[in-house]
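These notes are about the structure you will find just below.
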4 protein chains.
Amino acid sequence: MTTTTNSGRARASAREGGGRRRARGATGLASERRDHLVKLAAELFAKKGFQATTVREIADEAGILSGSLYHHFDSKESIVDEILSNFFTELMAADRAALEQGGTPEEVLASLVRISFGTLEPHRAAITVLQNDWNYLKGLERFAYLIQAEEEVEQMWIEAIKNGQTAGLFRPDLDPRLTYRMIRDTIWVSVRWFQPNEGLDAKVLYGHYVSVLLDGIHVH
Amino acid sequence: MTTTTNSGRARASAREGGGRRRARGATGLASERRDHLVKLAAELFAKKGFQATTVREIADEAGILSGSLYHHFDSKESIVDEILSNFFTELMAADRAALEQGGTPEEVLASLVRISFGTLEPHRAAITVLQNDWNYLKGLERFAYLIQAEEEVEQMWIEAIKNGQTAGLFRPDLDPRLTYRMIRDTIWVSVRWFQPNEGLDAKVLYGHYVSVLLDGIHVH
Amino acid sequence: MTTTTNSGRARASAREGGGRRRARGATGLASERRDHLVKLAAELFAKKGFQATTVREIADEAGILSGSLYHHFDSKESIVDEILSNFFTELMAADRAALEQGGTPEEVLASLVRISFGTLEPHRAAITVLQNDWNYLKGLERFAYLIQAEEEVEQMWIEAIKNGQTAGLFRPDLDPRLTYRMIRDTIWVSVRWFQPNEGLDAKVLYGHYVSVLLDGIHVH
Amino acid sequence: MTTTTNSGRARASAREGGGRRRARGATGLASERRDHLVKLAAELFAKKGFQATTVREIADEAGILSGSLYHHFDSKESIVDEILSNFFTELMAADRAALEQGGTPEEVLASLVRISFGTLEPHRAAITVLQNDWNYLKGLERFAYLIQAEEEVEQMWIEAIKNGQTAGLFRPDLDPRLTYRMIRDTIWVSVRWFQPNEGLDAKVLYGHYVSVLLDGIHVH
DNA sequence: AATGAATGAGGATTCATTCAT
DNA sequence: AATGAATGAATCCTCATTCAT
């Protein structure tokens with residue numbers, strides 16, 4: 001079991017070798033305090049970026065001194081690790097379930113899209129960090145597992161898209177991988193500007209995006 | 001005249017009152033040395049991120065000492081400023097020209113898309129920085145002008161899309177603003193993974209994206 | 001409450017909005033460590049000047065690393081701020097008390113002079129900094145409050161001198177403001193060369209100066 | 001002959017060893033350009049302080065690049081050296097002349113005071129630098145000669161004061177050295193706040209100061 | 001007489017992290 | 001669980017000075 005993540009599911013390689021702090025209980029429940037701190041940090045990371053957020057700012061937000069954070073976490077990286085692995089664990093579990101449940105290719109693809117949109121609000125911070133700080137984080141060995149997780153997700157989408165093409169539902173001239181990336185990017189990047197309030201909620205955005213992706217902007 | 005930008009066109013407010021270094025000559029041509037340094041820095045910013053790139057790394061790349069960079073630039077920020085304003089100046093000039101040239105709404109929109117794709121290679125570094133570091137840079141007063149530039153671009157696109165709807169070419173149920181953002185994001189985010197070599201060049205990507213955006217992935 | 005001053009009394013405008021470090025406890029007592037560091041810094045500032053004293057020198061004197069100073073202080077400026085505001089707070093409180101206590105104009109003026117001389121030893125460092133580095137420090141916004149403090153002191157002196165003139169004790173042809181400045185300068189500038197040991201103590205100096213100022217060097 | 005000073009008179013020890021730049025012609029006339037630069041630098045040193053004034057600021061003021069200053073001067077220090085030695089050379093020459101000319105002790109002392117006041121305007125910058133930056137400059141070997149110059153001045157004053165005491169004109173209970181310093185400080189420190197315009201000119205200030213020093217502020 | 005590019009040494013400051021209490 | 005003090009390495013930037021042109 002890793003020292004910093006509960007799931008471990010999303011994590012391809014469990015970097016052991018330590019566990020000096022905070023093993024979670026067998027029940028899988030972490031301390032509320034810890035979870036609270038992760039949430040505070042997530043907000044800050046999303047707002048200011050991972051690098052630009054200092055450990056002191058996180059501690060200030062929590063009303064403690066920066067050194068005290070290290071009672072809960074190994075490092076600043078382990079906090080963001082927890083945020084990101086939580087997100088991927090949930091996303092992949094949902095994606096797998098969608099594929100296992102089956103249905104028409106269109107239904108499966110719609111499920112995948114809906115799942116992605118569904119993460120936009122509960123995991124807004126994680127997605128924002130991924131958008132803004134991935135370029136930096138990907139350089140750290142510790143986050144290599146995220147690349148593998150992302151590849152697994154990609155495979156699931158490509159499979160769904162190919163099934164749709166085989167079934168004659170989706171245009172056969174489209175490259176499944178490019179199509180996946182286009183959809184993925186278009187959804188996740190929206191965290192940059194999408195504000196769930198304002199009369200534009202996630203459902204409207206979802207409807208609009210799915211509609212364009214499926215039928216294009218042309219009048220047919 | 002600002003000390004950090006050549007064009008000034010993209011820059012809404014000329015922040016004077018510092019400028020002890022490096023005004024460009026009346027010809028509008030900067031020194032070759034300076035331009036070279038900007039290019040080196042752009043590569044590094046794109047690869048490692050703005051914050052994660054140290055001034056020393058830029059200097060090392062140029063074969064000089066870090067302090068010597070300050071003979072050419074006021075600050076690290078003024079380097080990235082130059083990179084970004086160059087990009088926006090060119091993009092906006094091209095967009096404006098496309099609108100002025102006119103044509104059918106479809107032609108205009110196609111031009112805007114083609115222009116955006118066309119910046120992907122010459123301004124790859126700028127776009128990458130914008131994708132990865134904007135969250136940080138937007139917090140700096142000095143980059144407020146970029147927000148205004150982006151808004152002007154948005155208006156041009158929205159106008160083109162609306163014209164297409166009025167002409168009955170584009171689906172009237174689509175929100176022009178959401179549509180613009182979807183297209184913009186989808187194009188620019190691709191710098192994250194798009195490598196122009198590999199048998200997948202910008203034209204193929206362009207063709208694929210335009211095709212999906214115009215006609216959707218559905219078989220009609 | 002400011003983060004850098006204990007008294008706040010001498011400080012005309014409380015510059016809030018930073019203060020992530022070091023608020024003093026409710027008791028108004030700073031940590032001994034901090035006070036010790038301020039004293040060390042004061043000595044160095046007095047000896048070498050504010051600008052010429054490096055943060056590393058202060059830290060060296062304290063036996064810690066330069067970065068560690070920032071656990072206690074926001075900046076080098078906030079250290080000197082503390083030194084100077086302590087001095088002004090005390091001086092002004094004493095001056096106010098002297099005026100409130102009343103007495104003949106001569107007694108009041110003598111009190112003011114005695115108070116000024118009395119600060120020469122306990123606040124030698126602050127006065128030295130004021131003499132040597134004021135030209136630099138006055139350019140910093142943060143020290144604008146010192147100008148106002150000085151003006152309040154001037155008003156108290158001028159009042160005392162005018163009272164003496166009204167009472168027929170002091171020559172009516174003298175400009176109270178010029179007279180004040182002459183006395184003030186003459187006292188404080190002496191820190192430049194006055195060494196309290198050497199058989200010339202502050203009392204002798206005080207006696208000499210008061211005698212000349214009151215009666216002149218002429219034989220009458 | 002030194003490389004940086006014309007007079008050499010005020011300079012106790014002629015630091016040779018170079019003379020690679022700017023020897024003055026046998027006529028004692030330096031280039032106008034050089035004198036102009038010294039004047040510009042003097043203004044800046046007086047306004048901002050010696051340390052706080054950068055070589056680039058001086059060059060900017062002269063409309064040249066900072067490196068170009070080194071065609072005229074060895075170093076920043078040699079500029080201030082020229083400013084200060086000019087001042088001392090003139091002051092000492094005048095003081096010597098006053099003593100040689102003789103007269104009653106009162107006349108001699110009055111002359112010395114008048115001479116000091118007389119330097120306030122033409123040498124305002126030098127005196128200001130001396131007041132503000134002496135604490136720093138005195139630490140530099142190169143300026144040791146100023147200490148000797150100052151001592152010579154002190155001796156002249158003390159002699160004059162003693163003569164006055166012997167003649168029964170000045171109070172015999174006063175310490176001549178303390179009296180000198182009091183007068184000297186009181187005059188020179190006034191550059192800090194004294195602005196020659198404003199209806200308060202040097203003559204009024206002179207009259208006031210002399211009057212107080214000679215007769216005190218008491219009504220007799 | 002001046003430029004333009006660079007040096008090199010240092011300066012204040014930041015910040016993740018450690019650790020004794 | 002948390003404090004308070006400190007570390008140590010790095011960061012951006014400054015500036016007097018040099019020198020080939």
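Letters A, B, ... mirror the listed sequences (proteins, then strands); counts begin at 1. Computed from a predicted structure; not experimentally measured.
In this view, B:D133 satisfies the side chain to side chain donor-acceptor pair (under 3.5 Å) rule with no residue, not counting sequence neighbours. Judged as a side chain to side chain donor-acceptor pair (under 3.5 Å), and not counting sequence neighbours, the contacts of A:K48 are A:E57. Residues forming a side chain to side chain contact (heavy atoms under 4.5 Å, CB included) with B:A126 (at least two apart in sequence, or on another chain): B:I83, B:L84, B:F87, B:H123. Every residue two or more places apart in sequence or in another chain that forms a side chain to side chain donor-acceptor pair (under 3.5 Å) with A:K138 is listed here: A:N135. Contacts of A:A41 classified as side chain to side chain contact (heavy atoms under 4.5 Å, CB included), with partners at least two apart in sequence or in another chain: A:F45, A:I58, A:I79. Every residue meeting the side chain to side chain contact (heavy atoms under 4.5 Å, CB included) condition with B:L65, not counting sequence neighbours, appears here in chain and number order: B:S68. In this structure D:T128 satisfies the side chain to side chain contact (heavy atoms under 4.5 Å, CB included) test together with D:A46, D:R124, D:N132, D:V191, sequence neighbours excluded.
Atom NE2 in A:H72 sits about 6 Å away from atom C1' in F:dA1, given to the nearest Å. Distance, D:I64 CD1 to F:dA16 P: 14 Å, rounded to whole Å. If you take CG of A:L69 and C1' of E:dC15, they are 13 Å apart, rounded to a whole angstrom. Distance, A:I58 CD1 to F:dA2 C1': 17 Å, rounded to whole Å. In this structure, D:H36 atom NE2 and E:dA1 atom C1' are separated by 15 Å, rounded to whole Å. Computed from coordinates, the A:Y136 OH to E:dA16 C1' distance equals 10 Å when rounded to whole Å. Distance, A:F73 CZ to F:dA2 P: 11 Å, rounded to whole Å. Going from atom CG of D:D74 over to atom P of F:dC19 covers 13 Å, rounded to whole Å.
Checking the phosphate oxygens (OP1, OP2) of E:dA6, a side-chain nitrogen or oxygen of B:R33 falls inside 4.0 Å.
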Between protein and nucleic acid, restricted to nucleotides 8-11 of chain F and to nitrogen or oxygen atoms under 3.5 Å apart, what atom pairs and distances do you find?
unit_1, atom_1, unit_2, atom_2, d
F:dT11, OP2, B:R56, NH2, 3.3

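In terms of heavy-atom proximity, A:R142 sits nearest to A:S75 at NH1-OG, 3.7 Å. Across C:Y70 and C:K76, no two heavy atoms sit closer than the pair OH-N, 4.4 Å.
When the local axes at the two ends of the helix from E:dA2-F:dT21 to E:dT21-F:dA2 are compared, using 5 base pairs at each end, they differ in direction by 20° after rounding to 10°.
Of the listed nucleotides (E:dT13, F:dA2, E:dA5), E:dT13 has the atom at the smallest distance from the side chain of C:Y70. Picking from E:dA12, E:dA5, F:dA6 the nucleotide with the shortest atom distance to the side chain of B:H71 gives E:dA5.
Checking A:F50 against B:L37, the closest nucleotide of DNA chain E that is more toward the 5' end is the one next to B:L37.
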